[in-house]
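For the single chain, residues carry numbers from 1 onward in sequence order.
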Amino acid sequence: MELGLIGLGKMGGNMRERIRRAGHTVIGYDRNPDVADVHSIDELVNQLKGPRVVWVMVPAGVPTQITIDELAELLSPGDVVVDGGNSRWTDDEKHAEQLNARGIGFVDCGVSGGVWGLENGYALMYGGSVDHVAQVQPIFDALKPEGEGGAVHAGKVGAGHFAKMVHNGIEYAMMQAYAEGWELLEKVDSVTDVREVFRSWQEGTVIRSWLLDLAVRALDEDEHLGKLRGYAEDSGEGRWTVEAAIDNAVPLPAITASLFARFASRQEDSPQMKMVAALRNQFGGHAVESNEK
């Protein structure tokens with residue numbers, strides 16, 4: 001099968017390689033000419049035989065919209081566009097409507113696997129019509145992990161990215177739990193080898209996971225994480241998960257707290273904690289620390 005792939009960054013570049021290893025032809029475009037196979041999206045489309053399948057792996061929002069707009073002008077009825085980035089599911093509905101007006105199919109696909117996906121395969125969650133998904137199925141089969149699992153037709157357009165969004169929200173909460181446990185273990189005097197405690201959890205415990213394996217790997221590289229600053233970004237999907245929970249009146253206390261913890265990580269001197277300290281001093285006479293040098 002032939003595939004056009006737009007966006008050859010950390011994920012897209014490895015996906016191109018995995019698809020090629022499965023015996024398919026991939027024509028890739030990226031703004032970085034050093035990694036691109038062609039010099040423009042126009043050239044990419046012209047090199048594909050119809051009906052074409054073009055997979056988009058660019059940042060969510062404006063970059064994705066610009067790419068969809070260009071493809072809408074270049075593709076023909078019967079072609080299919082796959083958005084494999086981290087777009088919001090509500091954008092999927094707009095993109096599907098925009099492309100369907102020109103007879104072009106649309107499939108949204110949540111992709112998980114990170115830098116390990118090339119060797120291990122990518123977990124895939126996709127949404128769209130049965131017919132459009134069928135046109136892309138050989139590529140899904142090439143990307144997913146070996147075996148029966150690892151991929152799901154989650155539902156109609158938007159379902160793939162919604163499922164991936166919830167996946168990332170759960171990921172936030174799991175990472176936060178490991179991080180809090182690690183900090184507490186590091187804090188007490190009685191535990192003298194926190195790294196090996198984490199390693200012992202990898203076998204036979206109910207909290208073993210790939211994230212735990214990665215935590216041990218990180219501690220092997222930097223036992224007390226002293227080389228890192230306590231700062232964590234969020235991709236946006238954690239925020240969307242919380243917003244969707246509010247819209248649907250679904251309580252998500254763990255995921256919400258983990259998102260807010262990331263916000264707190266960006267404050268070297270938390271304004272909120274200044275107020276908390278001031279109030280504790282006012283009502284209880286608790287000591288406060290001066291910020292004056």
K.L.:
For Lys144 and Ala151, which heavy atoms make the closest approach, and how far apart are they?
P.N.:
CD-CB, 3.8 Å
K.L.:
Any sub-3.5 Å donor-acceptor pair from Asp83's side-chain atoms to Asp108's backbone N or O?
P.N.:
no
K.L.:
Atom CE in Met174, atom CD1 in Ile207: separation rounded to 0.5 Å?
P.N.:
9.5 Å
K.L.:
Applying ring-ring contact (aromatic ring centres under 6.0 Å, His included) as the test, list every pair that has at least one member in residues 56-83; sequence neighbours left out.
P.N.:
none
K.L.:
Is the backbone of Gly78 close enough, under 3.5 Å, to the side chain of Gln135 for a donor and an acceptor to pair up by distance?
P.N.:
yes
K.L.:
Donor-acceptor pair, Glu2 side chain versus Lys49 backbone, under 3.5 Å?
P.N.:
yes
K.L.:
Provide the closest heavy-atom pair for Ala60 versus Asn86 in the form atom of the first, atom of the second, distance.
P.N.:
CB-O, 3.5 Å
K.L.:
Using side-chain hydrogen bond (donor to acceptor under 3.5 Å, both in side chains) as the criterion, list what pairs up with His153, not counting sequence neighbours.
P.N.:
none
K.L.:
Take Gln98 and Gln65, measure what side chain to side chain donor-acceptor pair (under 3.5 Å) needs, and give me the verdict at the end.
P.N.:
CA-CA 11 Å; Gln98 176 184 357; Gln65 185 62 63; 3.2 Å; yes
K.L.:
Report yes if some heavy atom in the side chain of Trp201 is under 4.5 Å from a heavy atom in the side chain of Val216; otherwise report no.
P.N.:
no
K.L.:
Please check: side-chain N/O of Thr64 versus main-chain N/O of Pro59, any donor-acceptor pairing under 3.5 Å?
P.N.:
yes
K.L.:
So, for Gly160 and Ala154, which heavy atoms are closest and what is the spacing to 0.1 Å?
P.N.:
N-CB, 4.3 Å
K.L.:
Anything under 30° is parallel, anything over 60° is perpendicular, the rest tilted; go ahead and classify His95 against Phe106.
P.N.:
perpendicular
K.L.:
Decide whether Met125 and Val80 are clustered together by the hydrophobic rule: side chain heavy atoms of Ile, Leu, Val, Met, Phe, Trp, Tyr closer than 4.5 Å, transitively.
P.N.:
no
K.L.:
Going by ring-ring contact (aromatic ring centres under 6.0 Å, His included), name the pairs with one or both residues in residues 16-52, residues two or more places apart or in two chains.
P.N.:
none
K.L.:
Is it the case that the side chain of Asn100 and the backbone of Gly103 share a donor-acceptor pair, with hydrogens and angles ignored and the cut-off at 3.5 Å?
P.N.:
no
K.L.:
I'd like to know if the side chain of Thr241 and the backbone of Met165 have a donor-acceptor N/O pair within less than 3.5 Å.
P.N.:
yes
K.L.:
Let me see the working for Tyr178 and Ser209 under side chain to side chain donor-acceptor pair (under 3.5 Å), right down to the final yes or no.
P.N.:
CA-CA 11 Å; Tyr178 285 128; Ser209 72; 2.8 Å; yes
K.L.:
Can you check side chain to side chain donor-acceptor pair (under 3.5 Å) on Asn14 and Glu119, steps first, answer last?
P.N.:
CA-CA 9 Å; Asn14 281 344; Glu119 299 300 330; over 6 Å; no
K.L.:
Sorted by first residue and then second, give each ring-ring contact (aromatic ring centres under 6.0 Å, His included) pair with at least one member in residues 217-244; sequence neighbours left out.
P.N.:
none
K.L.:
So which of Asp79, Leu44, Val82, Thr67 actually passes side chain to side chain contact (heavy atoms under 4.5 Å, CB included) with Val54?
P.N.:
Leu44
K.L.:
Who passes side-chain contact (heavy atoms from CB on, under 4.5 Å) against Asn46, sequence neighbours left out?
P.N.:
Asp42
K.L.:
Checking the side chain of Asp37 only, and the main-chain atoms of Ile27 only, is there a donor and an acceptor separated by less than 3.5 Å?
P.N.:
no
K.L.:
Looking only at side chains, do Lys164 and Asn168 share a donor and an acceptor under 3.5 Å apart?
P.N.:
yes
K.L.:
Would you sort out whether Arg102 and Glu97 count as a salt bridge (Lys or Arg N to Asp or Glu O under 4.0 Å), showing the intermediate values?
P.N.:
CA-CA 9 Å; Arg102 295 174 176 265; Glu97 183 178 354; over 6 Å; no
K.L.:
Distance-only, no hydrogens or angles: does the Arg52 side chain make a donor-acceptor pair with backbone N or O of Leu3 under 3.5 Å?
P.N.:
no
K.L.:
Val38, Val35: one ILVMFWY side-chain cluster at the under-4.5 Å cut-off?
P.N.:
no
K.L.:
Would you tell me whether Asn120 and Glu146 have side-chain atoms, one donor and one acceptor, within less than 3.5 Å of each other?
P.N.:
no
K.L.:
Side-chain heavy atoms under 4.5 angstrom apart, residues restricted to Ile, Leu, Val, Met, Phe, Trp, Tyr: same cluster for Val136 and Val130?
P.N.:
no
K.L.:
Atom CG in Leu143, atom OH in Tyr126: separation rounded to 0.5 Å?
P.N.:
10.5 Å
K.L.:
Taking ring-ring contact (aromatic ring centres under 6.0 Å, His included) as the definition, give me every residue that meets it alongside Phe162, ordered by chain and number, with sequence neighbours left out.
P.N.:
Trp89
